[in-house]
Amino acid sequence: MTSKEVCDLRVRFAPSPTGYLHVGGARTALFNYLLARRFNGVYVLRIEDTDVARSDKTFEMNLMETLKWLGLHWDEGPDKGGSYGPYRQSERLRIYREYAETLIKEGKAYRVYAYPKEIEALREKMINNGVAPHYNREMLEAFSTEKRRAEYKEKGLQPAVYFSMPRKQFFLKDMVKGEIVFSEGSVGDFVLLRSSGIPTYNFACVVDDTLMKITHVIRGDDHLSNTVKQLAIYEALGANPPQFGHVSTILGPDGKKLSKRHGSTSVEEYRSRGYLSEAVVNYLALLGWSSPDAKEIMSIDEMISKFSLDRFSKNPAIFDPKKLKWMNSHYIRAMKPGELLLRLKPYIEQCDYEVKHENLEGIIEVVKERIHVLTDFCEAAEIFFKKPSQLPDINSELISVFLNCADRLQKLQNWEKMNIIKVFKEVLKHHKVKRKEFYSTLRVLLTGKNEGPELADVVCLLGRDEVVSRVRAIGRGEQCSE
RNA sequence: GCCCCCAUCGUCUAGCGGCCUAGGACACUGGCCUUUCAAGCCAGAGGCAGGGGUUCGAACCCCCUUGGGGGCGCCA
């Protein structure tokens with residue numbers, strides 16, 4: 001990339017607000033963000049809401065919220081404004097119509113007075129005849145009879161505007177895939193402006209990218225075949241296309257395009273299931289891109305400093321929830337308890353017990369080692385807030401050992417982990433009990449579980465009163481049964 | 001049917017003609033550590049889709065086959 005391009009670099013993320021942000025979309029957003037930040041460019045958010053039926057303002061809000069959560073903040077967008085707005089396609093309809101009009105005047109586009117049903121029939125007929133379903137001007141304009149035009153006028157209908165696809169080859173120098181040739185006739189004429197006056201994706205996208213001075217476009221390779229249409233429109237408009245980089249699609253474990261039936265596909269779902277944005281961003285970055293030093297755990301700033309366009313992989317990537325989970329647990333373990341507490345807040349509220357403790361950070365410190373997602377917290381920390389529901393089945397000899405242990409703990413001067421360990425050792429010295437048996441039984445006695453954090457930590461955090469009370473329960477339990 | 005893209009361990013990938021006896025990460029298996037589980041550490045298993053070329057030499061370049069993905073919408 002030359003220095004001139006660098007200083008003018010403008011990229012965009014252009015989602016359509018028809019659902020929650022998909023992990024594939026998030027990855028696209030991330031790559032564009034990284035490119036912008038790496039080369040001091042401008043990152044634009046554009047809302048592609050030209051699908052009136054499916055677009056929803058709620059999704060738009062959610063999209064922006066999720067993007068912010070991921071830390072992918074944009075410089076220009078519908079909420080922030082900018083010199084090239086508006087940034088919502090539904091607010092730019094006049095612009096598209098003007099451009100369509102120009103193309104019609106220049107003979108590069110034309111009006112079609114055909115009903116969608118008729119076009120559909122035409123299409124089916126071609127498919128049935130084993131011909132590629134490509135339209136051309138001649139077959140489409142056949143519908144535009146005098147009679148039909150009058151009918152449209154009478155009913156107040158607007159004709160759709162079709163683009164006249166030039167019969168020639170198109171070349172694309174893709175930043176990811178390399179040189180691609182679209183042979184002549186690979187696509188036919190297609191709709192620019194619907195009869196509703198709303199532009200189609202390919203048209204709006206080109207007009208906007210041109211007007212918004214977008215220099216680089218990183219997107220999923222499901223757009224690759226359509227790029228020829230866009231290239232043709234750029235040419236018709238007399239505009240220079242941006243540099244394209246088509247990243248391979250993210251697939252599900254079965255090798256098919258990642259979809260709902262593979263489980264969670266939206267960033268929102270991972271967020272609510274207790275994933276950290278750092279982990280999501282980090283994992284997504286590794287799907288189709290790799291850092292030059294082979295380092296996998298990277299902060300977003302690290303990714304920015306290492307980002308370059310020549311490290312994209314051409315092959316499709318299968319989404320691996322296991323690795324994401326591993327990465328998430330890694331980030332949880334690496335996080336300072338104070339910070340983790342903040343992230344944990346919404347999940348703590350969902351616990352079915354009251355989380356109240358003078359040293360909650362201390363609890364988080366020992367619990368974070370064994371959780372993979374934030375939603376694991378409630379179950380993992382339960383031992384500190386709930387007394388065990390069942391007492392272990394132990395003999396009276398052992399009971400007296402534990403009662404003695406409780407007495408010693410009761411009298412312990414400074415309630416500190418090291419001192420608690422000393423008490424354990426004393427008890428083991430004075431009683432004929434196996435180490436392993438002592439510790440494992442004490443654990444069950446205190447927590448009702450066979451596994452958990454280091455016992456001294458548990459005891460320390462539980463606090464003197466609670467520990468003594470829980471241990472002595474075994475004594476009371478025996479009394480009751482007699 | 002036509003067009004386009006892709007092909008390295010199960011998965012993500014490194015590799016850009018000799019540093020490859022193909023490296024790393026996740027997952028998996030075994031061991032160590034340890035009062036348990038987890039983490040951590042060590043070790044192991046596991047791959048260049050197949051076939052032709054080009055070359056002194058090919059995972060890497062070319063062609064074919066096969067396999068996978070995507071597109072061909074008044075969806076984006």
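All chains are named by letter (A, B, ...) in the order of the sequence lines, taking the proteins before the strands, and each is independently numbered beginning at 1.
Using atom C1' as the reference point in both B/A14 and B/C20, the two lie 12 Å apart (nearest Å). B/G50 and B/A38 have their C1' atoms separated by 45 Å, with the value rounded to a whole Å. To the nearest whole angstrom, the two C1' atoms, one in B/A45 and one in B/G10, are 12 Å apart. Rounded to a whole angstrom, the distance from the C1' atom of B/C2 to that of B/A59 is 32 Å. The same atom, P, is picked in B/C32 and in B/A49; the two are 38 Å apart, to the nearest Å. Using P as the reference atom, B/C26 and B/A39 are 11 Å apart when rounded to the nearest Å. Comparing the P positions of B/C4 and B/U65 gives an interatomic distance of 14 Å, to the nearest angstrom. Of the C1' atoms belonging to B/C9 and B/G15, the separation is 14 Å, rounded to the nearest Å.
At the heavy-atom level, A/G288 lies under 4.0 Å from the strands shown only through sugar-phosphate atoms. Heavy atoms of A/T50 sit under 4.0 angstrom from primed sugar atoms or phosphate atoms, though from no base atom. Across all strands, A/P253 comes closer than 4.0 Å to no nucleic acid atom at all (heavy-atom distances). Within 4.0 Å (heavy atoms only), A/E454 reaches at least one base atom of the nucleic acid. Using a 4.0 Å heavy-atom distance criterion, A/T18 is classed as making no nucleic acid contact. Across all strands shown, A/R54 has heavy atoms under 4.0 Å from base atoms, whether or not it also approaches the sugar-phosphate. A/E296 comes within contact range of at least one nucleobase, with a heavy-atom separation under 4.0 Å. Within 4.0 Å (heavy atoms only), A/L286 reaches sugar-phosphate atoms of the nucleic acid but no base atom. Within 4.0 Å (heavy atoms only), A/S248 reaches no atom of the nucleic acid at all. When heavy atoms are screened at a 4.0 angstrom cut-off, A/V181 is found touching the sugar-phosphate backbone but no base atom. The residue A/A380 sits apart from the nucleic acid: no heavy atom pair falls under 4.0 Å. Within the 4.0 angstrom heavy-atom criterion, only backbone atoms of the sugar-phosphate kind lie near A/A317; the bases stay farther away.
Taking 4.0 angstrom as the limit, A/R311 places none of its side-chain polar atoms (N or O) nearer than this to OP1 or OP2 of B/U13. Contact check, A/R194 against B/A76: a side-chain N or O comes under 4.0 Å of OP1 or OP2. The shortest distance between the side-chain N/O atoms of A/Y162 and the OP1/OP2 oxygens of B/C74 is below 4.0 Å. Phosphate contact (OP1/OP2 of B/U35, side-chain N/O of A/R435, threshold under 4.0 Å): present. Side-chain nitrogen and oxygen atoms of A/S290 include at least one within less than 4.0 Å of the OP1 or OP2 phosphate oxygen of B/A14. Between A/S186 and the phosphate of B/C2, there is no side-chain N or O to OP1/OP2 separation shorter than 4.0 Å.
Between A/Y152 and A/Y113, the gap from one ring centroid to the other is short of 6.0 Å.
Between the CE atom of A/M327 and the P atom of B/A39 there is a distance of 16 Å, given to the nearest Å. Atom pair A/I318:CD1 and B/A7:P shows a separation of 14 Å (rounding to whole Å applied). Rounded to whole Å, the distance from NE2 on A/H262 to P on B/U11 is 14 Å. Across the protein-nucleic acid pair, A/F182 atom CZ and B/C2 atom C1' stand 15 Å apart, rounded to whole Å. One atom, CD1 of A/I233, and another, C1' of B/A76, lie 14 Å apart when rounded to the nearest Å. If you take CG of A/N226 and C1' of B/C5, they are 13 Å apart, rounded to a whole angstrom. Distance CZ (A/R27) to C1' (B/C12): 12 Å, rounded to an integer number of Å. The CG atom of A/L231 sits 19 Å away from the P atom of B/C3 (whole-angstrom rounding).
For the side-chain hydrogen bond (donor to acceptor under 3.5 Å, both in side chains) condition, no pair includes a residue of residues 179-188 of chain A, sequence neighbours left out.
Here B/C72 is the nucleotide among B/C72, B/C6, B/A27 with the atom lying nearest to any side-chain atom of A/K229. Looking at the side chain of A/A132, the nearest of the listed nucleotides B/A7, B/C74, B/G1 is B/G1. The side chain of A/K436 lies closest to B/U36 when the candidates are B/C6, B/U36, B/G40. Candidate nucleotides B/C3, B/A76, B/A27 were compared by shortest atom distance to the side chain of A/E48, and B/A76 ranks first. Of the candidates B/U36, B/C72, B/C3, the closest approach to any side-chain atom of A/H134 belongs to B/C72. Ranking B/U8, B/U35, B/C74 by closeness to the A/P116 side chain, first place goes to B/C74. Minimum atom distance to the side chain of A/L224 is reached by B/C4, of the listed B/C4, B/U36, B/C6.
Between A/V217 and A/H223 there is no side-chain heavy-atom pair separated by less than 4.5 Å.
Seen from the ring of A/F170, A/K168 counts as a face-on cation partner, given the 6.0 Å and 45° thresholds. Cation-pi geometry between A/K229 and A/F190 is met: the NZ or CZ atom falls under 6.0 Å from the ring centre, inside 45° of the normal.
Defined by atom type and a distance below 3.5 Å, a donor-acceptor pair is present between the side-chain atoms of A/Y331 and A/N282.
For A/S291 and A/Y201, each mapped to the nucleotide of RNA chain B holding its nearest heavy atom, the one lying further toward the 5' end belongs to A/S291. Both A/I180 and A/L324 lie close to RNA chain B; mapped to their nearest nucleotides by heavy-atom distance, the more 5′-ward contact belongs to A/I180.
Figure legend. B/A25 is base-paired to B/U11; pairs are counted as Watson-Crick or G-U wobble with both atom distances under 3.5 Å. Pair assignment for B/C61: B/G53, on the basis of Watson-Crick or G-U wobble contacts that are both within less than 3.5 Å. Using the Watson-Crick or G-U wobble rule with both distances under 3.5 Å, B/C74 pairs with nothing in any strand shown.
The only option from A/Y43, A/F312, A/W289 that meets the ring pair (Phe, Tyr, Trp, His ring centres under 6.0 Å) definition with A/F31 turns out to be A/F312.
The 12-atom threshold is exceeded at NZ of A/K387, counting heavy atoms of other residues, nucleotides or ligands nearer than 6.0 Å. Counted within 6.0 Å of NZ on A/K173, heavy atoms from surrounding residues, nucleotides or ligands total 12 or fewer; the atom is thus considered open.
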### Query
For every nucleotide of nucleotides 61-69 of chain B, 5' to 3': is a protein heavy atom under 4.0 Å from its base (B), only from its sugar-phosphate (S), or from neither (-)?
--------S
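Using cut-offs of 30° and 60° for the angle between ring planes, the A/H246 and A/F244 rings count as parallel. Using cut-offs of 30° and 60° for the angle between ring planes, the A/F59 and A/Y20 rings count as perpendicular. Relative ring orientation between A/Y270 and A/F319 is described as tilted, the plane-to-plane angle lying within the 30° to 60° band.
Judged by atom type and distance alone, A/K323 does not reach the base of B/A27 through any side-chain donor-acceptor pair under 3.5 Å. At a cut-off of 3.5 angstrom, counting only N and O atoms as typed in the model, there is no donor on one side facing an acceptor on the other between the side-chain of A/D222 and the base of B/A76.
Stacking annotation: A/Y439 is stacked on the base of B/U35 (ring centroids less than 5.5 angstrom apart, interplanar angle below 30 degrees).
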